[in-house]
Protein chains: 2
Amino acid sequence: MKRTVFVFSALIVSLLILFQLSKYAYVSNDISIEIIISVIAIVFLVIGLYINRKSSKNQKHLSIAIDHKKVKQLGISKREYEVLVQISRGLSNKEIADTLFVSESTIKTHVSNLLLKLDAKRRTQAIQKAKDLQILPV
Amino acid sequence: MKRTVFVFSALIVSLLILFQLSKYAYVSNDISIEIIISVIAIVFLVIGLYINRKSSKNQKHLSIAIDHKKVKQLGISKREYEVLVQISRGLSNKEIADTLFVSESTIKTHVSNLLLKLDAKRRTQAIQKAKDLQILPV
DNA sequence: ATCGTTTTGGCACTTTGGTATGAGTCCCAC
DNA sequence: GTGGGACTCATACCAAAGTGCCAAAACGAT
């Protein structure tokens, strides 16, 4: 939002500058009218591209953002979410147990609960559903 | 590529038109010089935005684009790739067998070969690696 | 301090996944 | 027409994943 304001301010300022320049060009007759117009064209092309870059960056961030609210809505606890992340990295229950310093039984319990909460039959399906729900980076 | 050519053609044409207009404005003195400049500014702003929209669309397509060459490099066959896609959708071997109209044994063979070729220990890891290698939509 | 949730874990059991091996069919290239 | 690759399938076996049930410890809020 703040950036949009900044962009429009810059736009207005450059407009004013260009009006001044165009008057100056008019005074010194026809030597540079094409150059002025070219400059204007380039400047506004760049401005257009700049605005575009901003919006595409926003899109990127949106597609990566994780919906923490949805995690809570699904009743997925903090620890369960950690397990979910490790599952999506392709780790086995034993490996997850080792990285989280708990027993494999515990991981199995967490996984079982995750499958229930995500309405999935397998861990691979859980990964897919979690990404659809934007609770895992796509 | 074709669209880029189109955009640049439009850009050059509009430039020529604007030069003509600017000369006309010069002949009819200073009544419309600001208007001409405004028009130029708006036109090129729009062109910039248009190019931006295109490039952001391209970015989207790029992030989704699949590296078919890499699939071949890894020696993954057509059928194996089909199985890989179904794995990433979260299907079980039996379900994949049903959707591809073959036996579960066949799918097991394909999966085993896939794990070898992707250097993965589990199907979840295969999904992860395949996405890293851009042979599956991220 | 007590209640509810989370986290942890064990055990027995079933299901699914993955390996190894071997083999038959099909098709394409040389 | 022969060899090689891709696709198919089976069997046997082991590993991993997942279920059900239970229960204790830890934690957080009122």
Side-chain angles (χ1 to χ4, degrees), chain A residues 66-133 135-136, chain B residues 66-133 135-136:
Chain A
I66 287 165
D67 193 343
H68 295 287
K69 294 171 197 166
K70 204 159 283 173
V71 177
K72 281 182 186 169
Q73 276 178 14
L74 292 167
I76 294 174
S77 73
K78 193 179 168 186
R79 199 58 161 169
E80 282 164 355
Y81 185 74
E82 289 184 79
V83 172
L84 179 59
V85 171
Q86 301 304 317
I87 288 176
S88 78
R89 288 184 51 213
L91 300 190
S92 71
N93 288 339
K94 185 76 191 68
E95 287 169 343
I96 299 172
D98 290 344
T99 61
L100 298 185
F101 303 108
V102 292
S103 81
E104 197 185 341
S105 296
T106 306
I107 301 301
K108 283 191 177 189
T109 307
H110 288 320
V111 172
S112 228
N113 291 333
L114 275 170
L115 294 183
L116 268 179
K117 290 171 182 176
L118 285 170
D119 188 31
K121 293 199 192 100
R122 283 162 293 283
R123 46 172 56 210
T124 49
Q125 201 179 1
I127 296 171
Q128 186 55 38
K129 287 212 174 191
K131 295 195 173 185
D132 278 353
L133 292 168
I135 62 179
L136 276 181
Chain B
I66 288 163
D67 193 342
H68 295 288
K69 295 170 197 167
K70 205 160 279 173
V71 177
K72 281 181 185 170
Q73 277 177 14
L74 292 167
I76 294 173
S77 73
K78 193 179 166 186
R79 199 61 160 170
E80 282 165 355
Y81 184 75
E82 290 183 79
V83 172
L84 179 58
V85 171
Q86 301 304 316
I87 287 176
S88 78
R89 289 183 51 214
L91 300 191
S92 70
N93 288 339
K94 185 76 192 70
E95 287 169 342
I96 298 173
D98 289 344
T99 61
L100 298 184
F101 304 109
V102 292
S103 83
E104 196 185 344
S105 297
T106 306
I107 302 301
K108 282 191 176 188
T109 307
H110 287 320
V111 173
S112 227
N113 291 331
L114 275 170
L115 294 183
L116 268 179
K117 290 170 183 176
L118 286 170
D119 188 32
K121 293 198 193 103
R122 283 163 293 283
R123 47 173 55 211
T124 48
Q125 200 180 1
I127 296 172
Q128 186 55 37
K129 288 212 174 190
K131 294 193 174 186
D132 278 353
L133 292 168
I135 63 179
L136 275 182

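Residue numbering restarts at 1 for every chain, and letters A, B, ... go by the order of the sequence lines.
- Contact annotation: S112(A) reaches the phosphate of dT19(D) (side-chain N/O to OP1 or OP2, under 4.0 Å).
- Picking from dC7(D), dA17(D), dG18(C) the nucleotide with the shortest atom distance to the side chain of S92(A) gives dA17(D).
- We find that R89(A) and E95(A) are not joined by a salt bridge, their nearest charged nitrogen and carboxylate oxygen being 4.0 Å or further apart.
- Listed candidates were dG9(C), dG18(C), dT7(C). Nearest to the side chain of K78(A) is dT7(C).
- Note on R122(A): every side-chain N or O is 4.0 Å or more away from OP1 and OP2 of dT16(C).
- As a whole-Å value, the separation of I87(B) CD1 from dA17(D) P is 14 Å.
- Remark: H110(A) is not in phosphate contact with dG9(C), judged by side-chain N or O atoms under 4.0 Å from OP1 or OP2.
- Dashed line: the shortest gap from a side-chain N or O of S105(A) to OP1 or OP2 of dC11(C) is not under 4.0 Å.
- Rounded to the nearest 0.5 angstrom, L74(A) CG and L114(A) CG are separated by 10.0 Å.
- The interatomic distance linking I107(A) (CD1) with dA16(D) (P) rounds to 15 Å, in whole Å.
- Taking atom NZ of K108(A) as the reference point, atom C1' of dT8(C) lies 15 Å away to the nearest angstrom.
- Nearer to the 5' terminus of DNA chain D, by closest-nucleotide assignment, is the contact made by F101(B) (compared with the other of T124(B) and F101(B)).
- OP1 and OP2 of dT8(D) both lie 4.0 Å or more from every side-chain N or O belonging to T109(B).
- Along DNA chain D, the nucleotide nearest T106(B) and the nucleotide nearest E104(A) are compared for position; the residue whose nucleotide lies closer to the 5' end is T106(B).
- Between the side chain of Y81(A) and the backbone N or O of I135(A), at least one donor-acceptor pair lies under 3.5 Å.
- Atom NZ in K72(A) sits roughly 16 Å away from atom P in dT5(C) (whole-Å rounding).
- Phosphate proximity of dA6(D) to S77(B): absent, as no side-chain N or O sits under 4.0 Å from OP1 or OP2.
- A donor-acceptor pair under 3.5 Å is absent between the side-chain atoms of K117(A) and the main chain of I76(A), judged by distance alone.
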